[in-house]
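Quick notes on the structure that follows.
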Amino acid sequence: MPVKNRFAELLPEITAWRRDFHEHPELLFDVHRTAARVAELLRAFGCDEVVEGIGRTGVVGVIKGRNTGSGRVVGLRADMDALPIREQTGVPYASKTPGKMHACGHDGHTAMLLGAAKYLCETRNFDGTTVVIFQPAEEGGGGGREMVADGMMDRWGIQEVYGMHNMPGIPVGHFAIRPGALMAAADQFEVTVTGKGGHAAKPHDCIDTTLVAAQIIVAMQSIASRNVDPLKQVVVSVCTFETDSTAHNVIPQVVKMKGTVRTMDHAVQDFVERRISELVSGVALAFGATAHVDYARGYPVTLNAAENTRYAVEVARAVSGQVDDNTAPLMGAEDFSFMLNERPGAYIFVGNGDTAMVHHPAYNFDDDVIPFGASWYAGMVEARMPAA
Ligand SMILES: [Zn+2]
Ligand SMILES: [Zn+2]
């Protein structure tokens, strides 16, 4: 099956939506213009229901098939937010807001899912219900988590969910996916070490917090090297080190450190959280200081269900014939994981060609990706809910 001919016809229209979003980037939950435009278009296509304000600024559209007797409900998700980056692409439709830019291609994702929604509203060639999900705040705000917390999955009876992200370095029209963990869980921690400050020439009268904190950093290196199975992925990085002294002759009273933990497996994640706490309190105790850890779980691991990954691969093969079904996992993180935690589904990469990497000021979504991505979204619906 070739790329759906209808998407070739729709390409200029979908490209125009994409470039309009690109010109008007919005951050995190503050995607009011984008969300309003998405809702306006979904209503114009003839969606059976369009609801705004899910998860603060998310938009949900419902499209019923020609029949709904199967009782099946499939969710398709795109993200709408941009990044705080000053654009350097030089394209005529570049960001009109200095310091904000669609540098992750969410403009393309939103446009492709709108294209699929338009096609599905026209054709309705499926037995069941499609729920198109447009989320805010993928870039660190947890908009997906907010939409789930708002009851979206139960409200529309969503049974399975699919998401997609463009990926520079993969040829346009190629897809990449893997069953199981595709992207990492990203947690953050803050360690506060309190000792006894004082004159740097009288260390014996002090409890030196910089020495204690340094020992903690070294001890943390043993988590990846000595504690976790070498065949499992884990990253523990201490990224900031801040003392309450600016003098060269004062031993600080307090040292604060911040860092990130990346894991691919719930058991490893639980273990690392516990181990950091043990190491911090144990090392502090050994040196006569006190310390505590604030550990915050961020985006969970992106887990593709094996069966749904197979369906995603079949549809991608039908669209393009070029599918890597065992791509390497990435230690980055993805907010769609909160939806995959609620329902089985899959997340796939579609190639953006030889462009700058996402989050780079010269990155741009390639509009030639649109027919492939939109066909995959629509194809998932027709494959999972075949017309009776
Ligand atoms: Zn991003
Ligand atoms: Zn992104």
Side-chain angles (χ1 to χ4, degrees), residues 17-18 21-22 24-31 34-35 38 55 57-59 76-89 95 97 99-114 132-147 161-170 172 175-177 181-186 188 260 262 298-304 327-340 345-353 355-367 369-370 372-374 376-377:
W17 302 333
R18 203 284 287 186
F21 294 135
H22 194 90
H24 302 95
E26 297 174 297
L27 303 183
L28 293 167
F29 288 98
D30 192 24
V31 290
T34 309
V38 165
T57 43
V59 182
L76 304 173
R77 168 274 199 181
D79 37 18
M80 301 187 285
D81 58 321
L83 284 158
I85 292 176
R86 181 173 284 267
E87 181 160 352
Q88 292 172 19
T89 60
S95 169
T97 312
K100 295 183 189 175
M101 175 192 176
H102 267 295
C104 206
H106 300 184
D107 49 346
H109 305 162
T110 296
M112 291 191 293
L113 185 53
L114 283 169
V132 287
I133 302 161
F134 296 86
Q135 77 151 85
E138 193 289 321
E139 299 286 3
R145 175 176 51 207
E146 296 269 327
M147 291 187 87
V161 280
Y162 297 93
M164 176 169 28
H165 206 293
N166 78 94
M167 188 52 70
I170 299 174
V172 171
F175 289 89
I177 191 170
L182 179 65
M183 299 185 78
Q188 56 189 45
T260 188
R262 304 293 169 109
Y299 291 173
V301 59
T302 308
L303 278 176
N304 278 340
T327 193
L330 301 176
M331 295 313 275
E334 167 57 58
D335 187 30
F336 182 59
S337 309
F338 288 105
M339 297 186 196
L340 286 178
Y347 186 71
I348 196 167
F349 295 122
V350 61
N352 198 58
T355 63
M357 185 41 75
V358 291
H359 294 210
H360 188 278
Y363 165 85
N364 194 14
F365 179 82
D366 187 334
D367 292 314
V369 176
I370 288 170
F372 296 98
W376 181 80
Y377 274 132

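FYI, the numbering just counts along the sequence from 1. Counting starts at 1 for both ligands and their atoms, following the listed order.
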Matching residue for F336 among Y162, Y299, Y347 - test: ring-ring contact (aromatic ring centres under 6.0 Å, His included)
Y347

With sequence neighbours excluded, tell me which residues meet salt bridge (Lys or Arg N to Asp or Glu O under 4.0 Å) with R262.
none

For the atom pair CG (D79) and CD (Q135), what is the distance rounded to the nearest 0.5 Å?
5.5 Å

So which protein N/O/S atoms does the Zn ion (ligand 2) have within less than 2.8 Å?
C104 SG, H106 NE2, H165 NE2

May I ask you to decide if the ring planes of F175 and W376 are parallel, tilted or perpendicular, using 30° and 60° as cut-offs?
tilted

Of K100, H106, H102, the one forming a side-chain hydrogen bond (donor to acceptor under 3.5 Å, both in side chains) with D81 is H106

Checking side chain to side chain contact (heavy atoms under 4.5 Å, CB included) between F134 and each of T57, V31, V59, T34, which is the one that passes?
V59

